[in-house]
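What follows is a short report on a single structure.
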Amino acid sequence: MTYKLDLVLTLATKAADQRYAKAVGLRIRELRVLRLIHNAPGIAATELGHKLVLDKTLISKHVADLERRGLLQRQIDLNDSRIHSLSLTDEGQRVWEVCERIGRELEHEMFGALDKKAWQHLHTLLDRAYVSVRSWQGTQQPAALRARRAMRGLPAPVAGADARVEATS
């Protein structure tokens, strides 16, 4: 199964990267950051990394690049000056809107062979698979690591049964 998922991901990502790069100069990974900030304005970079399952260095690189391009802005958190809240600029909002339109077009083109019922069922199955893997990951962590995460206020890597995976195409 992971082989098939990886093949679909690779093919779809390569095609989408080209389309997004031509339209707005973004690649999928950068766009995922932009989309999540749109969906959760004020999110901290640490939480962003956790939700996107990316390491600190990569998140920092993407955030700095998107900020340099004028697509997002950082503001110091009023409760904790060590934390920067991230939000889209007007230009970031415009780019997000363009990318959402492109994303819908790509989904229709790439997955047009699936009818509406099959498309919804696929999403349901992928959400369940995500929850299952995150739950399994939680059982694989040593107790000390789970305790450190809890003390730092990071969410447990176990999602609820009705969790919905963030849009990342």
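Start at 1 with the first residue, then count along the sequence.
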Quick one: [atom1] on [X] to [atom2] on [Y], what's the gap to the nearest 0.5 Å?
X     : Y     : atom1 : atom2 : answer
Cys99 : Leu31 : SG    : CG    : 4.5 Å
Tyr20 : Leu34 : OH    : CG    : 11.0 Å
Leu52 : Ile37 : CG    : CD1   : 8.5 Å
Leu78 : Ile83 : CG    : CD1   : 11.0 Å
Glu67 : Gln73 : CD    : CD    : 8.5 Å
Arg32 : Leu26 : CZ    : CG    : 13.0 Å

Donor-acceptor contact below 3.5 Å, side chain [X] vs main chain [Y]:
X     : Y     : answer
Thr13 : Thr10 : no
Glu30 : Arg27 : yes
Ser60 : Lys56 : yes
Arg69 : Gly92 : no
Ser87 : Gly42 : no

**Request:** Using the side-chain contact (heavy atoms from CB on, under 4.5 Å) rule, take Leu88 and Leu71 through it: C-alpha gap first, then chi angles, then the decisive distance, then the call.
**Result:** CA-CA 6 Å; Leu88 298 185; Leu71 302 178; 5.8 Å; no
Could you tell me whether [X] and [Y] make a salt bridge, using a distance below 4.0 angstrom between a side-chain N and a carboxylate O?
X      : Y      : answer
Asp17  : Lys14  : no
Glu97  : Arg101 : no
Glu109 : Arg19  : yes
Asp115 : Lys117 : no
Arg94  : Glu91  : yes

Joint cluster assignment, [X] & [Y], ILVMFWY side-chain distance < 4.5 Å:
X      : Y      : result
Leu11  : Phe111 : no
Leu66  : Val98  : yes
Leu5   : Ile28  : yes
Leu72  : Leu58  : yes
Leu126 : Met1   : yes

**Asked** Taking the inter-plane angle between the rings of His38 and Trp96 on a 0 to 90° scale, is it parallel (under 30°), tilted (30 to 60°) or perpendicular (over 60°)?
**Response** parallel
Please find the pair of heavy atoms, one from [X] and one from [Y], that lie closest to each other, and give the distance.
X      : Y     : answer
Ile102 : Ala23 : CD1-CB, 3.4 Å
Gly49  : Ile59 : CA-CG1, 3.4 Å
Thr57  : Asp55 : N-OD1, 3.1 Å
Met110 : Ala15 : CE-CB, 3.7 Å

**Prompt:** Are more than 12 heavy atoms from other residues, nucleotides or ligands located less than 6.0 Å from atom CG of Leu125?
**Reply:**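 Counting other residues, nucleotides and ligands, CG of Leu125 exceeds 12 neighbours.
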**Request:** Kindly give the cluster partners of Val53, where membership spreads through any ILVMFWY side chain lying under 4.5 Å from a current member.
**Result:**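 Taking Ile, Leu, Val, Met, Phe, Trp and Tyr as members, Val53 stands alone, with no cluster partners.
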**Counterpart residues, ring-ring contact (aromatic ring centres under 6.0 Å, His included), relative to His84 (two or more places apart)** =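 In terms of ring-ring contact (aromatic ring centres under 6.0 Å, His included), with neighbours along the sequence ignored, His84 is linked to no residue.
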**Request:** Check step by step if side-chain contact (heavy atoms from CB on, under 4.5 Å) holds for Leu54 and Arg29.
**Result:** CA-CA 10 Å; Leu54 295 174; Arg29 282 198 168 178; 4.2 Å; yes
**Request:** Show your working on side-chain contact (heavy atoms from CB on, under 4.5 Å) between Lys4 and Val8 and close with a plain yes or no.
**Result:** CA-CA 6 Å; Lys4 288 179 183 179; Val8 171; 5.6 Å; no
**Request:** Given side-chain contact (heavy atoms from CB on, under 4.5 Å), test Ile43 with Ser85 step by step and report yes or no.
**Result:** CA-CA 5 Å; Ile43 192 168; Ser85 300; over 6 Å; no
